[in-house]
S.K.: 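Below is one structure. I have some questions about it.
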Number of protein chains: 2
Amino acid sequence: MTVTLADVAARAQVSPATVSRVLNGNYPVAASTRERVLKAVDELDYVLNGPASALAAATSDLVGILVNDIADPFFGIMASAIQAEIGGPGGRAGGERLAVVCNTGGSPERELTYLTLLQRQRAAAVVLTGGAIEDAAHKAAMDAKVRKLADAGTRVVLCGRPPAPETGAIALTFDNRGGGQELTEHLIGLGHRRLGYIAGPEERTTTRHRLEGHRAALAAHGIEEDARWTVHGRYDRRSGYEATLELLRRDPSLTAVVAANDSVALGACAALRDSGLRIPEDVSVAGFDDLPFSIDAVPSLTTVRLPLAEAGARAGRIAMGREEAPPGGIASVRGELMVRGSSGVPRVS
Amino acid sequence: MTVTLADVAARAQVSPATVSRVLNGNYPVAASTRERVLKAVDELDYVLNGPASALAAATSDLVGILVNDIADPFFGIMASAIQAEIGGPGGRAGGERLAVVCNTGGSPERELTYLTLLQRQRAAAVVLTGGAIEDAAHKAAMDAKVRKLADAGTRVVLCGRPPAPETGAIALTFDNRGGGQELTEHLIGLGHRRLGYIAGPEERTTTRHRLEGHRAALAAHGIEEDARWTVHGRYDRRSGYEATLELLRRDPSLTAVVAANDSVALGACAALRDSGLRIPEDVSVAGFDDLPFSIDAVPSLTTVRLPLAEAGARAGRIAMGREEAPPGGIASVRGELMVRGSSGVPRVS
DNA sequence: AGCGTTACAGCAAGCGCTTTCTACATACGG
DNA sequence: CCGTATGTAGAAAGCGCTTGCTGTAACGCT
């Protein structure tokens with residue numbers, strides 16, 4: 001039925017062992033023999049049986065990438081960068097790896113199940129991206145799984161996710177707290193004193209860290225926060241729109257709205273415009289991440305740029321063992337404040 | 001070292017065969033035995049060896065999704081929808097499949113290599129998304145590969161891609177031509193007679209079809225096209241920005257710019273604004289796809305909505321054999337014209 | 001009571017590859 | 001000219017699972 005190694009061997013008049021060695025190139029084979037084998041492979045249109053190979057060699061060429069939402073460019077950009085480094089087709093010959101992008105949709109169960117699936121496939125490496133869920137039980141389960149994977153020889157890298165000590169995973173963490181603080185300080189510096197904050201979903205490290213940064217900035221400047229100024233929502237535009245309307249309802253005197261990310265900020269802009277408010281004359285808006293579309297908003301968005309592609313690339317290289325892990329297995333990646341048109345001096349109240 | 005089926009069998013005092021059958025649930029096993037086995041699995045924290053299982057059963061639970069650019073929400077949205085249907089974790093018990101999103105980056109070689117990799121893994125199904133590359137040699141190679149995959153029992157579905165007759169692949173094609181025509185007709189209806197067109201990369205079916213639709217509309221209304229009115233570029237914002245500047249340079253009297261997709265249209269808007277032109281008073285702009293951010297542009301973008309998520313979901317179901325293939329294996333999916341603020345009556349010249 | 005059924009469980013033969021160990025040349029130093 | 005490297009190829013033992021086939025009880029029927 002399908003062509004097997006043995007068929008190739010027969011055609012090339014050599015043993016299966018030799019064919020395997022030619023294909024893997026990890027054993028000396030006479031040039032003439034190699035050629036004969038390659039010719040047979042070509043003629044028979046032979047394709048290696050991955051599972052069989054993985055079973056026999058006890059290794060696989062699968063690399064898993066877990067993302068919370070593949071439809072969100074935040075993850076798409078990281079995944080793309082990771083995959084480019086993983087090699088996929090394009091790496092050095094023979095080292096072809098299949099990057100598996102798994103979409104957890106932010107669901108704890110799926111996250112765990114995907115990890116099991118990857119463990120089952122004996123993945124060569126796994127990269128976990130984005131914020132983690134802050135549920136003690138879930139975190140413990142995840143850590144245990146990660147440790148098991150690491151023990152089994154799978155390299156685990158966390159990209160844009162807080163470190164998981166004692167699990168053997170390498171972490172490239174985004175400094176969400178620092179970025180959040182810097183952003184809010186910029187607004188305070190402009191003169192804002194009443195700032196609304198649209199946070200991401202609760203129980204997420206990213207959400208918490210950004211919010212903590214925001215609050216740290218307020219505290220540092222002696223601004224007492226009003227509980228009504230914070231609203232939680234999802235990481236999407238719609239949520240930003242609704243949350244902004246809610247904020248406006250709660251306190252129409254707000255002069256700035258800080259959003260959990262750029263998509264949310266865009267929704268906020270739309271809500272403000274629909275409410276007849278000008279940006280930034282009436283209300284300033286700030287986002288986070290600096291996704292490609294942010295610069296196209298009108299006015300363009302003040303935000304914190306996260307080096308998603310760079311971090312992804314680095315995570316990919318570390319996963320492939322092509323770059324050394326940072327000291328202690330943990331590195332913090334800083335964001336950069338991008339001041340643009342959506343933030344300005346507050347209106348005089 | 002790692003726990004195997006045999007270990008579980010020993011612990012549960014049954015044969016490996018029984019354990020396998022409990023795990024696969026495809027053979028009657030007494031309830032008491034099943035329980036004993038499940039308990040042992042749990043206690044030993046056993047994880048099935050995927051490759052071994054795939055080898056023995058001659059099937060795998062991998063499903064491949066090929067995308068041109070994972071960082072582009074156009075593909076992210078489709079991939080997300082496909083994956084949701086594939087089941088990943090979430091489908092019916094036991095039917096856990098691993099969706100593999102492969103990023104070709106629009107490169108023909110990578111496209112082919114990924115297909116080989118999936119063939120090697122004996123993927124259960126493969127979904128190819130987005131426009132195809134119009135190179136005769138490449139197309140032939142792809143078709144041959146697809147046919148081989150289909151012959152080997154892998155279900156192949158094309159989503160948003162032109163049909164590949166005789167390959168055994170099911171196609172869900174977007175009516176790019178019709179959408180393009182409708183869009184341009186809308187502009188002509190408003191009174192536009194001098195329309196610039198920013199096309200996508202050459203040698204791509206999507207690019208060609210959308211452009212053909214545009215030209216068909218012009219022709220239908222007796223508008224003679226000026227060769228200077230068309231510029232080719234990539235499917236990104238930057239490209240749209242530059243192409244618009246070029247169009248303006250070539251013919252400052254243009255009253256409308258039609259872009260290959262929404263990202264390009266956003267770039268076009270930015271370029272127009274930077275050139276001191278108002279949208280739509282001075283120049284109307286239209287996009288294609290209706291990605292989530294398009295409604296947030298200022299003014300919001302007139303575009304053609306493509307049911308990305310719906311089509312992806314359907315493709316996923318077909319790939320899983322959970323929905324019947326359309327008659328003839330081909331279905332055309334229509335777009336819907338979304339008239340918004342970026343298009344208006346042309347200025348009087 | 002005798003026999004065909006039915007319901008489970010085990011045996012053992014692979015699935016297609018990798019890899020260790022062995023075999024055999026040929027080459028080389030003494 | 002022999003013993004020992006050296007380079008190359010093959011034989012064969014699995015890797016961990018699935019599954020066809022073969023028991024073997026317990027059951028129901030005439």
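In what follows, every chain begins at residue 1, and chains take the letters A, B, ... in the order their sequences are listed. All figures in this text were calculated on a predicted structure; none of them were measured in a lab.
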S.K.: Which atom pair, heavy atoms only, marks the closest approach of B:Pro163 to B:Ile330?
M.R.: CB-CD1, 3.6 Å
S.K.: Return the CG to CD distance between A:Leu98 and A:Gln83, rounded to the nearest 0.5 Å.
M.R.: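 Taking CG in A:Leu98 and CD in A:Gln83, the distance rounds to 8.5 Å.
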S.K.: Applying side-chain contact (heavy atoms from CB on, under 4.5 Å) between B:Leu66 and each of B:Leu118, B:Thr129, B:Leu158, report the one that passes.
M.R.: B:Leu118
S.K.: Using a cut-off of under 3.5 Å, enumerate the N/O to N/O pairs linking the protein to nucleotides 20-27 of chain D.
M.R.:
residue	atom	partner	partner atom	Å
D:dG20	O6	B:Arg21	NH1	3.2

S.K.: Grab the CG-P distance between A:Leu55 and D:dC17 for me, whole Å please.
M.R.: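 Those two atoms, CG and P, are 9 Å apart.
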S.K.: So which atom in B:Ile86 and which in B:Ala99 form the shortest heavy-atom distance, rounded to 0.1 Å?
M.R.: CG2-CB, 4.4 Å
S.K.: Compute the bend angle of the helix from C:dA1-D:dT30 to C:dG30-D:dC1 from the end axes (five pairs per end), rounded to 10°.
M.R.: 40°
S.K.: Ignoring backbone atoms, establish whether B:Ser53 has a side-chain N or O less than 4.0 Å from OP1 or OP2 of D:dT18.
M.R.: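 For D:dT18, OP1/OP2 do have a side-chain N/O of B:Ser53 under 4.0 Å.
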S.K.: Go through B:Val100 and B:Ile65 one step at a time and tell me if the side-chain contact (heavy atoms from CB on, under 4.5 Å) criterion holds.
M.R.: CA-CA 6 Å; B:Val100 180; B:Ile65 302 176; over 6 Å; no
S.K.: Would you list the atom pairs, donor with acceptor, under 3.5 Å between side chains in residues 164-172 of chain B and any protein atom, with sequence neighbours excluded?
M.R.:
residue	atom	partner	partner atom	Å
B:Thr167	OG1	B:Ala164	O	2.5
B:Thr167	OG1	B:Ala169	N	3.3

S.K.: Mind running side-chain hydrogen bond (donor to acceptor under 3.5 Å, both in side chains) on A:Thr18 and A:Ser15 for me, showing each step along the way?
M.R.: CA-CA 5 Å; A:Thr18 302; A:Ser15 71; 3.2 Å; yes
S.K.: On DNA chain D, does the nearest nucleotide to A:Gln13 precede the nearest nucleotide to A:Ala52 from the 5' side, or the other way round? Give the residue.
M.R.: A:Gln13
S.K.: Name the nucleic acid region contacted by B:Asn26, choosing base, sugar-phosphate or nothing; use a 4.0 angstrom heavy-atom cut-off, strictly under.
M.R.: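 If one applies the 4.0 Å heavy-atom cut-off, B:Asn26 turns out to touch the sugar-phosphate alone, with no base involved.
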S.K.: Can you pull the side chain to side chain donor-acceptor pair (under 3.5 Å) pairs that have at least one residue in residues 36-49 of chain A, sequence neighbours excluded?
M.R.: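 Residue pairs with at least one partner in residues 36-49 of chain A: A:Arg11-A:Glu43, A:Lys39-A:Glu43, A:Asp45-B:Lys148.
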S.K.: What are the bounds, 5' to 3', of the part of DNA chain C that sits under 4.0 Å from heavy atoms of chain B?
M.R.: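 From 5' to 3', the first and last contacting nucleotides are C:dC8 to C:dG16.
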S.K.: Near DNA chain D, which residues from residues 33-46 of chain B have a heavy atom under 4.0 Å away?
M.R.: B:Tyr46
S.K.: Between the side chains of A:Glu109 and A:His138, does any donor sit under 3.5 Å from an acceptor?
M.R.: no
S.K.: Does the pair A:Glu134/A:Lys139 count as a salt bridge with the N-to-O cut at 4.0 Å?
M.R.: no
S.K.: Under 3.5 Å, side chain of A:Asn24 to main-chain N/O of A:Asn26, donor-acceptor pair present?
M.R.: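 Checking the backbone N and O of A:Asn26 against the side chain of A:Asn24, no donor-acceptor pair under 3.5 Å is found.
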S.K.: Give me the atom names and distance for the closest heavy-atom approach of B:Ala125 to B:Thr154.
M.R.: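 Smallest heavy-atom distance, with atoms named: CA-CG2, 3.6 Å.
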S.K.: Scan side-chain atoms only and decide if B:Thr113 and B:Thr116 contain a donor-acceptor pair under the 3.5 Å cut-off.
M.R.: no
